[in-house]
Amino acid sequence: MSSLLFYAILLLFANAASLAKAKIHYHDFVIQATPVKRLCNTHSTITVNGQFPGPTLEVNNGDTLAVKVVNRAQYNVTIHWHGVRQMRTAWADGPEFITQCPIRPGGSYTYRFTIQGQEGTLWWHAHSSWLRATVYGALVIHPKEGTAYPFPKPKRQTPILLGEWWDANPIDVVRQATRTGAAPNASDAYTINGQPGDLYKCSNQDTTIVHVDSGETNLLRVINAGLNQQLFFSVANHKFTVVGADASYVKPFTTSVLMLGPGQTTDVLITANQPPARYYMAARAYASAQGAPFDNTTTTAILEYKAAPCPAKGVKINPAFPSLPAFNDTATATAFTSSFRSATKVEVPTEIDEDLFFTVGLGLNNCPAGASSSSCQGPNGTRFTASMNNVSFVLPSNFSLLQAHHQGIPGVFSTDFPSSPPVKFDYTGNVSRSLWQPISATKVYKLSYGARVQIVLQGTSIVTAENHPIHLHGYDFYILAEGFGNFNPQTDTSKFNLVDPPLRNTASVPVNGWSVIRFVADNPGIWLMHCHLDVHITWGLAMSFLVENGVTELEAVEEPPVDLPVC
């Protein structure tokens, strides 16, 4: 008995010691308009603390964040902590009208949450209209105090935030598209850490420079913070060793090019093993939608060896330029995304309680009766839309979904989101025009606490097929397989990786293809699942899961914070 007591006390002390090491990090985010000059023009840009991109937050696995957001801008705002599990803290997740009402101009709200079991790179961004075009930053999660990376510790670490820049106010861009029903204007530049780089006008004075020493191995934390575009990324004459993605470690693999959909992060080791010089790192579009206009420019930064020789006076030596894949190089994109494996064998749910099949794609709404032609400037006088399982998601406007669920407010949403498409069709073939117009509604799908869930995410060719980065809030999921054409349960299940599939929060559903994901519904709350191309979420390519509370208090959503914004 005495030895049992001794071990119990020892365990208590061990737990107390690990809790004592976990820290609470306090931050203030002031959302404000700041003059930012890019491409020769100065814009009144919405920023955090006057910084663009916003501040990088650094924590250890197990730490807690308390971020007070004060809104001094003229727009409503929320902040989403992209990829953070938010166990029981759904009120801190951030998507506007899903888990909270927006922080009004002049208002404030403190996001409090703990990082549990995640290590690597995540990020934070506005989740209200198109504010995330400029309101974003990195969230770096170091290993727990006293533990190490599963790879040699890098000499230095650099966040690489890939972004998109409009030579306009992004809110005006989306409002014009909503007014006209047409596709929004493409961006005017891509950026690396907020700077377009040498290939754009008025930009080469401020190109981002990443310094390295010969022989050292560094960690680049690459984040696609772009609004509407998957991006290829490469560094001239250097290879990457991929070691993590979406704050999960992966089996290391070597590649010379990365492809990230908006929302995705990739941690790579890069060794400075080339002759000391300056080398371009560059990113440009992976544009999979045939015929759709896109920003075809290229952003650059410079990897500069400290021992790089200085050019003679008056002589300009251009850095070496990487070879990037063609804009429509789906083969390279697929080879990259299908290279991911979890670092070790993982426990994938094999018994399935909820077997779901969701179509994801675009649509066209007929011009509403009595509407002027100026509001129907989509193809052939229509308005662009998008849907999952033929439901185009409508955000509520008077309550958040979580608030309505928590308080039992009727009429805000219904729980009849379909578990499969209401009409079966040749999803990636020539789709009948009668299926191009979805219904608009605020529907959620209910999951019991602990349910084991499989979702087939099936792309469609309606209007145009393209790669969709599908992000699920509040969860990581295993990606078992992906493929092209229509998912075939008879033959495609044999392709499932049930041993070491990668754990992600955002899945790139291939153009005219499918991805299969699995997770256990162990986090109660209301969780948005949407395409992370903001143009598509604007059109309704989203749905939400309502995960019910379990039995105990530790299986229930915490009570809402006292300062939760009211609508």
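Side chains are part of it too, since the values below use all heavy atoms of this structure and drop only hydrogens, waters and symmetry mates.
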Can you name the disulfide bond (SG atoms under 2.5 Å apart) partners of C310, sequence neighbours left out? none
Name of the residue among H80, H82, Q100 meeting side-chain hydrogen bond (donor to acceptor under 3.5 Å, both in side chains) with D93: H80
If you define the side chain from C-beta out and look only at heavy atoms, does anything of P143 sit under 4.5 Å from Y149? yes
Closest non-hydrogen atom pair, N228 against D534: OD1-N, 2.9 Å
Sorted by chain and number, sequence neighbours left out, ring pair (Phe, Tyr, Trp, His ring centres under 6.0 Å) with Y109 holds for Y111
Spell out, as yes or no, whether a donor-acceptor pair under 3.5 Å connects the side chain of Y75 to the backbone of S128. no
Inspect the surroundings of CZ in R341 and state if more than 12 heavy atoms from other residues, nucleotides or ligands are less than 6.0 Å away. yes
Just by distance, with hydrogens left out, do T114 and T64 show a side-chain donor and acceptor under 3.5 Å apart? yes
Residues R504, D476: salt bridge by 4.0 Å N-O rule: no
Chi angles and distances behind the side chain to side chain contact (heavy atoms under 4.5 Å, CB included) call for M529, V360: CA-CA 11 Å; M529 186 162 82; V360 297; over 6 Å; no
Test ring-ring contact (aromatic ring centres under 6.0 Å, His included) on F336 and F232 and set out the steps. CA-CA 10 Å; F336 178 72; F232 288 121; 9.0 Å; no
In this structure, is the centre-to-centre distance between the rings of W124 and Y136 below 6.0 Å? no
What I want to find out is whether K345 reaches D500 closely enough, with some N-O distance under 4.0 Å, to be called a salt bridge. no
If only side-chain N and O atoms count, and only distance matters, is there a donor-acceptor pair under 3.5 Å linking Q264 with N224? no
Determine the sole option in N328, T332, T330 for which the side-chain hydrogen bond (donor to acceptor under 3.5 Å, both in side chains) test with Y286 is passed. T330
Answer with yes or no whether the side chains of N61 and E119 bring together a donor and an acceptor at under 3.5 Å. yes
Rounded distance (nearest 0.5 Å) linking atom CG of N273 with atom CD of E216: 11.5 Å
Quick test of your reading: applying salt bridge (Lys or Arg N to Asp or Glu O under 4.0 Å), list the pairs with at least one residue in residues 231-243, sequence neighbours left out, ordered by first then second residue. none
For Q195 and N193, which I'm curious about, is there any donor-acceptor pair between the side chains at under 3.5 Å? no
Which atom of P262 lies closest to which atom of G226, heavy atoms considered: CB-O, 3.3 Å
Is there side-chain contact between L39 and C202, with at least one heavy-atom pair below 4.5 Å? no
Can you name the closest pair of heavy atoms from A507 and I479 and give their distance? CB-CD1, 3.7 Å
After noting the C-alpha distance and the side-chain angles of F484 and T428, does the key distance pass the side chain to side chain contact (heavy atoms under 4.5 Å, CB included) rule? CA-CA 9 Å; F484 293 99; T428 54; over 6 Å; no
Are the side chains of H27 and P55 in contact, using a 4.5 Å heavy-atom criterion? no
Separation between NE2 (H25) and CG (L65), nearest 0.5 Å, reads 6.5 Å
Which value, rounded to the nearest 0.5 Å, describes the distance between S288 atom OG and Q290 atom CD? 10.0 Å
CA sep, side-chain torsions, deciding dist, call: K495, E482, salt bridge (Lys or Arg N to Asp or Glu O under 4.0 Å): CA-CA 8 Å; K495 299 170 187 161; E482 57 177 52; over 6 Å; no
Hey, does I192 have a side-chain heavy atom less than 4.5 Å from the side chain of L161? no
Distance-only, no hydrogens or angles: does the Q458 side chain make a donor-acceptor pair with backbone N or O of G485 under 3.5 Å? yes
Within 45° cone and under 6.0 Å: R85 NZ/CZ vs Y475 ring: yes
Is the closest side-chain donor-acceptor distance between D267 and T121 under 3.5 Å? yes
Go through the steps for E58 and T56 under the test side chain to side chain contact (heavy atoms under 4.5 Å, CB included), then give the verdict. CA-CA 6 Å; E58 298 203 42; T56 294; 4.1 Å; yes
Near-ring test F384/W539, centroid separation under 6.0 angstrom: yes
S187 vs F294 side-chain heavy atoms within contact, under 4.5 Å: no
Under 3.5 Å, side chain of T99 to main-chain N/O of G94, donor-acceptor pair present? yes
F327 ring centre to R284 NZ or CZ under 6.0 Å, with the angle to the axis within 45°? yes
From I160 atom CD1 to T208 atom OG1, the distance as rounded to the nearest 0.5 Å: 7.5 Å
Could you check whether any side-chain N or O of W514 sits under 3.5 Å from a backbone N or O of T359, counting only pairs where one atom can act as donor and the other as acceptor? no
Nearest heavy atoms of W123 and A225, plus distance in Å: CZ3-CB, 3.5 Å
Side chain proximity check, L528 to H473, heavy atoms < 4.5 angstrom: yes
T78 side chain to P95 main-chain N or O, any donor-acceptor pair under 3.5 Å? no
Evaluate the side-chain proximity of I470 to I455: yes if any heavy-atom separation is below 4.5 Å, no if none is. no
Side chains of D198 and Y280: is there a donor and an acceptor less than 3.5 Å apart? yes
Judged by modelled atom types alone, do Y200 and T297 share a side-chain donor-acceptor pair under 3.5 Å? yes
Using only heavy-atom distances, determine whether the side chains of H468 and H532 contain a donor-acceptor pair under 3.5 Å. no
Check the pair H238 / Q274 against side chain to side chain donor-acceptor pair (under 3.5 Å), numbers first and verdict last. CA-CA 8 Å; H238 290 72; Q274 294 300 304; 5.5 Å; no
Distance in Å, Y190 OH paired with L162 CG, rounded so as to fall on 0.5 Å steps: 11.0 Å
Taking the basic N atoms (NZ, or NE/NH1/NH2) and the acidic carboxylate oxygens, is any pair closer than 4.0 Å for K23 and D63? no
State, yes or no, whether a side-chain contact exists between I98 and L395 at a heavy-atom distance under 4.5 Å. yes
Decide whether T538 and W130 meet the rule of one side-chain donor and one side-chain acceptor closer than 3.5 Å. yes
Check for me whether the distance between the ring centres of Y279 and Y305 falls short of 6.0 Å. yes
Basic-acidic side-chain contact under 4.0 Å: D167, R38: no
If you measure from CG on D213 to OG1 on T217, what distance do you get to the nearest 0.5 Å? 11.5 Å
Tightest non-hydrogen contact, residues S234 and L324, listed as CB-CD2, 3.7 Å
Considering all heavy atoms of both residues, which atom of P469 and which atom of G261 are nearest to each other, and what is their separation? CB-CA, 4.3 Å
Is there a side chain to side chain contact (heavy atoms under 4.5 Å, CB included) between V509 and N467? Walk through the geometry before answering. CA-CA 5 Å; V509 177; N467 179 298; 5.9 Å; no
